[in-house]
Colleague: 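Pasting a structure below so you can have a look.
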Amino acid sequence: EQRGAALGDYDRDGRIDLVVTQNGGATRLFRNASSHSGLRVRLRGPVGNPCGVGAVIRGRYADQWGPAREVHGGSGYCSQDSTVQTLAASPRPSEIQVLWPGGRRTTNAVDSTAAEITFDREARD
């Protein structure tokens with residue numbers, strides 16, 4: 001009987017892993033060892049919101065923006081998904097756009113060899 005579940009890149013290899021807690025049982029970690037590694041996107045928000053909860057992240061693939069991903073907190077019963085987002089490995093995004101809580105929008109190019117990129121809310125464009 002599953003009690004809570006959370007997704008995140010536990011071992012920082014660019015693949016989404018799954019943690020499941022069980023009612024009266026041990027917590028289990030299911031490590032993803034078979035998918036392609038993606039691009040980890042970490043946000044540095046302002047004081048009071050250091051992980052950028054509420055921000056929306058989109059990757060640009062060729063000539064179009066990919067799906068929007070919202071950084072959220074508190075995703076289930078006694079569990080929470082990672083605030084670090086992992087975007088698809090293939091194709092790699094050429095740039096990342098972040099819509100921060102409060103309306104500020106930042107867009108930055110992505111190095112094609114990067115495994116992880118960090119965006120700072122307070123950085124100047």
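All of these numbers come straight from a predicted model, not from anything done at the bench.
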Colleague: Minimum heavy-atom separation for G54 and P101, please, with both atom names.
Modeller: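 Minimum heavy-atom separation between G54 and P101: C-CG, 3.7 Å.
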Colleague: Apply side chain to side chain contact (heavy atoms under 4.5 Å, CB included) to the pair R60 and S94, showing each step before the final yes or no.
Modeller: CA-CA 6 Å; R60 185 168 187 80; S94 59; 4.1 Å; yes
Colleague: Is it the case that one hydrophobic cluster holds both V41 and V110, taking links as side-chain heavy atoms less than 4.5 Å apart, direct or via other members?
Modeller: yes
Colleague: What are the two closest non-hydrogen atoms of V53 and G73, and how far apart are they?
Modeller: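 Minimum heavy-atom separation between V53 and G73: CG1-N, 3.9 Å.
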Colleague: Using the rule that two of Ile, Leu, Val, Met, Phe, Trp, Tyr join whenever any of their side-chain heavy atoms come within less than 4.5 Å, decide whether L87 and I117 are in one cluster.
Modeller: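 Hydrophobic grouping puts L87 with I117.
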Colleague: If we ignore hydrogens and angles and just use 3.5 Å, is the side chain of R69 paired with the main-chain N or O of T86 as donor and acceptor?
Modeller: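 Looks like yes, one N/O pair under 3.5 Å.
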Colleague: Are Y61 and I96 connected into the same hydrophobic cluster when the rule is that any two of I, L, V, M, F, W, Y join if their side-chain heavy atoms are below 4.5 Å apart?
Modeller: yes
Colleague: Please find the pair of heavy atoms, one from G59 and one from P93, that lie closest to each other, and give the distance.
Modeller: CA-CB, 4.0 Å
Colleague: Would you compute the distance between atom OG of S82 and atom CZ of R12 and round it to the nearest 0.5 angstrom?
Modeller: 9.5 Å
Colleague: Considering only heavy atoms from C-beta outward, does the side chain of P46 approach that of R121 to under 4.5 Å?
Modeller: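 Yes. Closest side-chain heavy atoms under 4.5 Å.
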Colleague: Do any N or O atoms from the side chain of D17 and from the backbone of Y10 form a donor-acceptor pair under 3.5 angstrom?
Modeller: yes
Colleague: Atom NE2 of H72 and atom CD of Q85: how far apart are they, to the nearest 0.5 Å?
Modeller: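 These two atoms lie 7.5 Å from each other.
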Colleague: Just by distance, do the side chain of S35 and the backbone of R15 share a donor-acceptor pair under 3.5 Å?
Modeller: no
Colleague: What verdict does the side chain to side chain contact (heavy atoms under 4.5 Å, CB included) test give for D9 and R40, after you've listed the backbone C-alpha separation in whole Å, the side-chain angles of each residue and the deciding distance to 0.1 Å?
Modeller: CA-CA 8 Å; D9 184 5; R40 293 170 41 91; 3.0 Å; yes
Colleague: Can you see which heavy atom on V71 is nearest to which on G52, and at what distance?
Modeller: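 Closest heavy-atom pair between V71 and G52: CB-O, 3.7 Å.
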Colleague: Indicate yes or no: does R31 engage D11 in a salt bridge with an N to O separation below 4.0 Å.
Modeller: yes
Colleague: Would you say the side-chain atoms of R44 pair up with the backbone N or O of F119, donor to acceptor, closer than 3.5 Å?
Modeller: no
Colleague: Calculate, to the nearest 0.5 Å, the distance between atoms CG and CD belonging to L39 and E116 respectively.
Modeller: 8.5 Å
Colleague: Spell out, as yes or no, whether a donor-acceptor pair under 3.5 Å connects the side chain of R58 to the backbone of Q97.
Modeller: no
Colleague: Taking atom CG of L99 and atom OG1 of T106, what is their separation to the nearest 0.5 Å?
Modeller: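 Output value for this atom pair is 9.0 Å.
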Colleague: What verdict does the side chain to side chain contact (heavy atoms under 4.5 Å, CB included) test give for L43 and I57, after you've listed the backbone C-alpha separation in whole Å, the side-chain angles of each residue and the deciding distance to 0.1 Å?
Modeller: CA-CA 10 Å; L43 301 182; I57 300 169; 4.0 Å; yes
Colleague: Which heavy atom of W100 sits nearest to which heavy atom of D120, and what is that distance?
Modeller: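 Reported closest heavy-atom pair: CZ2-C, 4.0 Å.
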Colleague: Let's go through T27 and V19 carefully: what are the C-alpha distance in whole Å and the side-chain angles of both, what is the deciding distance for side chain to side chain contact (heavy atoms under 4.5 Å, CB included) to 0.1 Å, and is it a yes or a no?
Modeller: CA-CA 7 Å; T27 298; V19 176; 3.6 Å; yes
